[in-house]
Undergrad: 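Structure below; questions to follow.
What's counted below: heavy atoms across the whole structure, side chains too, no hydrogens, waters or symmetry copies. Residue numbers start from 1 in every chain, and the chains themselves are labelled A, B, ... in the order their sequence lines are given, proteins ahead of strands.
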There are 2 protein chains.
Amino acid sequence: MAEGRCLEAGERWTAPRKRVFELLLQAGAPVKAYDLIADYGHGQDRGVAKPPTIYRALDFLSGMGLVHRIPSLNAYVACAVDEAVHSASFLICDCCGSAEEFDPKVEPVVRAQAEHLGFRPTAMALEVRGLCRACA
Amino acid sequence: MAEGRCLEAGERWTAPRKRVFELLLQAGAPVKAYDLIADYGHGQDRGVAKPPTIYRALDFLSGMGLVHRIPSLNAYVACAVDEAVHSASFLICDCCGSAEEFDPKVEPVVRAQAEHLGFRPTAMALEVRGLCRACA
DNA sequence: GAAGTTATGTGATATTATAACGTCGCGTCA
DNA sequence: TGACGCGACGTTATAATATCACATAACTTC
């Protein structure tokens with residue numbers, strides 16, 4: 001579980017971090033930062049969140065590998081993989097906006113190619129656009 | 001050449017399109033939209049460009065496959081490949097900001113994997129972050 | 001050269017993200 | 001216990017990126 005991973009790493013599982021992660025899990029799809037801001041206070045006694053609160057939580061969560069940013073959508077999604085920090089690949093549906101995380105298993109090949117070109121890779125991100133099963 | 005490809009397609013090679021493409025070629029590296037706006041008028045009699053002018057030119061050029069957007073940088077780069085519209089992959093140096101276009105040759109594999117998951121791909125983008133030869 | 005279409009110019013505004021700075025809460029160690 | 005140090009948070013403001021809406025101009029076709 002997220003909290004455990006966080007505590008093991010000696011990091012604090014604070015209210016904003018918890019709430020933002022919760023919202024992303026509930027959504028089960030990419031969510032925009034300002035939607036998180038809008039939804040942050042819904043339910044219970046929580047106050048209103050301002051941008052830095054959300055962006056700090058997102059930075060923290062992606063640093064922990066619990067959340068991925070999808071640059072081409074300017075959106076954030078809870079990580080589907082129970083694994084430490086990792087490079088993420090997504091199948092992004094242009095119709096319904098879903099983003100399924102998958103493992104294309106090409107990382108070693110790409111890494112080798114990059115190194116052959118004198119490049120030293122640290123991370124990679126693959127985004128496949130198209131139509132998901134439901135929309136096709 | 002860019003103009004030829006554009007005219008063959010029945011599209012107009014207008015002043016803003018030409019100027020924006022020229023700026024990207026000169027840079028030989030990813031450039032941010034607002035840097036293009038700032039540089040647009042430098043030299044000759046050209047007036048000042050406002051955001052829509054630049055964004056329209058960028059949309060057009062990427063539609064023609066002459067320019068790629070690099071989402072994780074919010075930047076745009078002239079295409080290095082003399083080929084019709086294509087999916088692009090980049091080696092992005094976190095040190096000097098360069099972005100080298102390369103062909104990882106994994107597109108068929110990824111496409112097959114995606115289709116196996118019921119996904120119908122239309123385009124894909126791969127971004128590898130790390131250090132280029134010069135910076136390593 | 002008139003009509004229709006496509007592109008541009010311009011001002012305003014929406015969306016996404018960060019800077020700066022003060023305060024709070026928690027752990028540590030005297 | 002209490003003073004310190006550090007990391008996280010709250011808040012205001014602002015930077016950076018991108019789009020809308022509408023008027024004008026340019027090219028195409030007939």
Undergrad: Would you say Lys50(A) reaches dT12(D)'s phosphate, i.e. side-chain N/O to OP1/OP2 under 4.0 Å?
TA: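 Yes, such a contact exists.
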Undergrad: Can you measure Glu11(A) atom CD to dC9(D) atom C1' for me and round it to whole angstrom units?
TA: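 In whole Å, dC9(D) C1' lies 15 Å from Glu11(A) CD.
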Undergrad: With the side chain of Arg17(B) defined as its heavy atoms from C-beta on, choose the nearest nucleotide among dA19(C), dG25(C), dA7(C).
TA: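 The closest nucleotide is dA7(C).
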Undergrad: Considering only dC9(D), dT10(C), dA18(D), which nucleotide approaches the side chain of Pro16(A) most closely?
TA: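 When the side chain of Pro16(A) is considered, dC9(D) is the closest of dC9(D), dT10(C), dA18(D).
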Undergrad: Any N or O donor-acceptor pair under 3.5 Å from the base of dA18(D) to the side chain of Tyr34(B)?
TA: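 Indeed there is one.
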Undergrad: For Arg12(B) and Ala33(B), find the nucleotide of DNA chain D closest to each by heavy atoms; which residue's nucleotide sits nearer the 5' end?
TA: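 This one resolves to Ala33(B).
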Undergrad: For dC9(D), does either OP1 or OP2 sit under 4.0 Å from a side-chain N or O belonging to Thr14(A)?
TA: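 Checking dC9(D) against Thr14(A), a side-chain N or O does come within under 4.0 Å of OP1 or OP2.
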Undergrad: Return whichever of Phe60(A) or Pro52(A) has its heavy-atom-nearest nucleotide of DNA chain D closer to the 5' end.
TA: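 The 5'-side residue here is Phe60(A).
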Undergrad: Can you tell which of dC20(D), dT17(D), dT18(C) lies closest to the side chain of Tyr55(B)?
TA: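 It is dT17(D).
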Undergrad: Is the phosphate of dT8(C) approached by Arg19(B) (side-chain N or O, under 4.0 Å from OP1 or OP2)?
TA: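 Indeed not, no polar side-chain atom of Arg19(B) lies that close.
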Undergrad: Can you find a side chain N or O atom of Tyr76(A) that sits less than 4.0 Å from OP1 or OP2 on dA17(C)?
TA: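 Answer is yes, contact under 4.0 Å.
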Undergrad: Can you tell me if Asn74(B) touches the phosphate of dA18(D), counting only side-chain N or O atoms and a distance under 4.0 Å to OP1 or OP2?
TA: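 So the side chain of Asn74(B) is within the cut-off, an N or O lying under 4.0 Å from OP1 or OP2 of dA18(D).
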Undergrad: For the side chain of Arg56(B) and the base of dG9(C), is some donor closer than 3.5 Å to an acceptor across the two?
TA: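 A donor-acceptor contact between them is present.
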Undergrad: dA7(C) P sits how many Å from Leu7(B) CG, rounded?
TA: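 Result: 13 Å.
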Undergrad: Could you state the atom-to-atom distance from CD1 of Ile54(B) to C1' of dT8(C) in whole Å?
TA: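 Going from CD1 in Ile54(B) over to C1' in dT8(C) covers 11 Å.
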Undergrad: Check the distance between dA8(D)'s P and Leu61(A)'s CG and give it to me in whole angstrom.
TA: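 Leu61(A) atom CG is separated from dA8(D) atom P by 12 Å.
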Undergrad: Crowded around Arg120(B) CZ? As in, over 12 foreign heavy atoms under 6.0 Å?
TA: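 No.
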Undergrad: Can you tell me how far OG of Ser87(B) sits from CD of Glu127(A), rounded to the nearest 0.5 angstrom?
TA: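 Rounded to the nearest 0.5 Å, the CD-OG separation comes out at 12.0 Å.
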Undergrad: Is it true that Arg5(A) and Glu8(A) make a salt bridge, defined as a side-chain N closer than 4.0 Å to a carboxylate O?
TA: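 Looking at Glu8(A) together with Arg5(A), the answer is no, because their closest N to O distance does not fall below 4.0 Å.
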Undergrad: Strictly by modelled atom types, are Ser72(B) and Arg69(A) linked by a side-chain donor-acceptor pair under 3.5 Å?
TA: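 Looking only at side-chain atoms, Arg69(A) and Ser72(B) do not form any donor-acceptor pair under 3.5 Å.
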